[in-house]
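Here the structure comes first, spelled out in structure tokens, and everything after it is commentary.
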Amino acid sequence: PPASPARPIFARQGTPSSESARKKETLDRFIPPRTSFDAEYSNFLVNEEDTKPPNAQTSSTPSSSNHQSNTQTAEDDADDEYNHTLKRTLLQENTKSPGVLPFKSPPRRRAPPSPFGALNSQESSSPIRNTRKIPTAPDRILDIPDIVDDYYLNLLDWSRHNVVAIALSKTLYLWNATTGATTRLFETESQDFITSLRWSQEQRDTLAVGLDSAGVQLWDTARQTKIRDFPGHSSRVSSLSWTGGLLSSGSRDTTIRHHDARAPNEHVATLRSHTQEVCGLQWSPNGLHLASGGNDNMLYIWDARQQEPRLSLHAHKAAVKALAWCPHHPSLLASGGGTADRRICFWNVTTGSLLSDVDTKSQVCALQWSVHDRQLVSSHGFTHNQLILWKHHGGGRVSKVAELTGHTARVLHMAQSPDGTTIVSASGDETLRFWRILGSPNKSPARLKQESSLHGVAAASQIR
């Protein structure tokens with residue numbers, strides 16, 4: 001008799017009357033998921049036996065029977081080999097599974113190893129985080145009247161005890177981001193004004209201040225008293241940087257001086273290589289290297305115990321003010337150039353090689369690395385006056401994540417909150433803006449913004 005047609009998988013059975021009676025009952029049966037159900041393969045397995053040819057009728061003689069049996073066996077073997085080859089070729093992932101319905105998701109394949117070398121090795125093994133929503137509006141805006149609009153100065157810093165220091169012409173103000181209290185620390189005499197400032201990371205409440213009159217002062221902000229003066233420069237001091245108890249100052253007189261804040265004789269060394277004003281100065285987090293940028297378009301890398309530069313890097317075509325060491329890779333340095341350059345360059349200071357560069361289309365004023373994620377924030381002047389959040393993919397390769405607008409003049413200065421979640425920017429438009437864009441290991445920027453009344457930036461409208 002002819003073979004009966006294959007019954008469809010999961011077909012309904014029973015009479016209409018029994019079906020209508022069953023609908024009235026409360027059913028509670030397990031329905032397996034169909035996301036991984038392979039209908040073609042299941043149908044193939046069900047109909048596999050039906051595809052074989054029917055056995056031939058046997059003869060009454062033994063020789064004829066043996067001959068037909070051998071012929072049939074050979075044909076069956078050929079069919080089995082054909083079916084096995086068909087399975088292996090077309091259904092490679094399912095040939096090892098004897099079941100009709102594989103209720104399992106296929107195993108995830110690992111991504112191939114990254115080809116970008118040592119600077120990228122940690123990122124390839126780290127877990128991939130979900131995409132975060134980046135707020136495009138500032139968390140808070142404060143007025144900062146009379147800030148000096150000068151690209152070469154450094155007038156903003158945020159201490160690890162959550163106090164923002166901002167210089168407004170001749171007066172230095174402290175703003176406590178936890179309480180919202182504003183303190184006027186001091187005002188310069190005569191025609192002098194503040195040109196740079198930097199908090200000590202080792203000594204609590206200690207702030208270094210550079211002046212247009214070439215002086216460097218050390219202040220105890222808790223007692224609101226000046227600790228000491230560091231003489232030696234012959235022109236304005238436009239950049240400062242700490243490593244431990246050692247303070248380095250860069251000046252328009254083209255020199256860099258090292259001051260030991262703990263020793264009676266504070267002068268340690270003087271570095272000479274720049275030919276114009278030293279407007280960028282940054283010690284590496286491990287204290288082994290000092291990066292200096294100048295208006296001579298040069299970037300120098302200095303060893304801590306040497307008075308000659310270890311590397312002389314001349315890729316930029318404008319002043320190099322923006323400098324930032326990557327907290328995740330001690331040998332990775334980012335530098336930004338002025339209006340005629342507009343690039344961010346990424347350097348391997350171990351080899352002195354330029355890993356990559358990106359044209360930002362605007363003057364690069366400041367750079368800040370995130371301490372939680374492999375992200376970088378840059379602030380810009382002409383022509384867009386914006387902040388840009390970048391994602392670092394390793395090997396100096398970056399891609400733009402978000403562009404933050406709102407300032408109407410050059411975003412000259414940036415600093416990062418002690419918890420690593422917020423960037424504060426100061427602009428020539430006389431506003432200070434707080435951007436909660438970096439998130440934290442456990443909380444998104446949106447969640448942190450909701451908690452701003454309890455943790456972080458307190459309510460205020462003006463510093464003065």
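Computed from a predicted structure; not experimentally measured.
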Between [Y] and [X], is there a side-chain heavy-atom distance shorter than 4.5 Å?
X: Asp303; Y: His289; answer: yes
X: Ile301; Y: Leu313; answer: yes
X: Thr408; Y: Asn385; answer: no
X: Met298; Y: Ser312; answer: yes
X: Ile344; Y: Val398; answer: no
X: Gln375; Y: Trp390; answer: no
X: Pro309; Y: Ser273; answer: yes
X: Ile147; Y: Ile166; answer: yes

**Asked** Quick one: side chain to side chain contact (heavy atoms under 4.5 Å, CB included) partners of Asp192, sequence neighbours excluded?
**Response** Thr188, Leu211, Asp212, Ser213

**Message:** Is it true that, when you exclude His314 itself, more than 12 heavy atoms of the residues, nucleotides or ligands shown sit nearer than 6.0 Å to its NE2?
**Reply:** no

Polar side-chain atom of [X] near backbone of [Y] as donor-acceptor pair, under 3.5 Å:
X: Arg198; Y: Leu240; value: yes
X: Arg374; Y: His328; value: no
X: His413; Y: Cys365; value: no

For [X], enumerate each residue passing the salt bridge (Lys or Arg N to Asp or Glu O under 4.0 Å) test, keeping only those at least two apart in sequence or located in another chain.
X: Arg204; result: none
X: Asp260; result: Arg262
X: Lys391; result: none

**Prompt:** Do Phe434 and Trp158 have their ring centres less than 6.0 Å from each other?
**Reply:** yes

**Message:** Before you tell me yes or no, could you show the steps for Trp242 and Glu202 under side chain to side chain contact (heavy atoms under 4.5 Å, CB included), namely the whole-Å CA-CA distance, both residues' side-chain angles and the distance that decides it to 0.1 Å?
**Reply:** CA-CA 9 Å; Trp242 288 89; Glu202 184 180 82; over 6 Å; no

**salt bridge (charged side-chain N to carboxylate O under 4.0 Å, His left out) pairs, two or more places apart, involving residues 315-335** = none

**Pairs meeting criterion salt bridge (charged side-chain N to carboxylate O under 4.0 Å, His left out) with involvement of residues 230-258, two or more places apart** = Asp150-Arg236, Arg236-Glu277, Arg252-Glu277

**Separation of Leu376 CG from Cys326 SG (nearest 0.5 Å)** = 8.5 Å

**Item:** Parallel, tilted or perpendicular: rings of His392 and His329 (30°, 60°)
**Value:** perpendicular

**Asked** Between Gln386 and His380, does a side-chain hydrogen bond (donor to acceptor under 3.5 Å, both in side chains) hold up when you go through it step by step?
**Response** CA-CA 5 Å; Gln386 83 279 41; His380 301 272; 4.8 Å; no

**Request:** Applying ring-ring contact (aromatic ring centres under 6.0 Å, His included) between Trp219 and each of Phe186, Trp199, Phe230, report the one that passes.
**Result:** Phe186

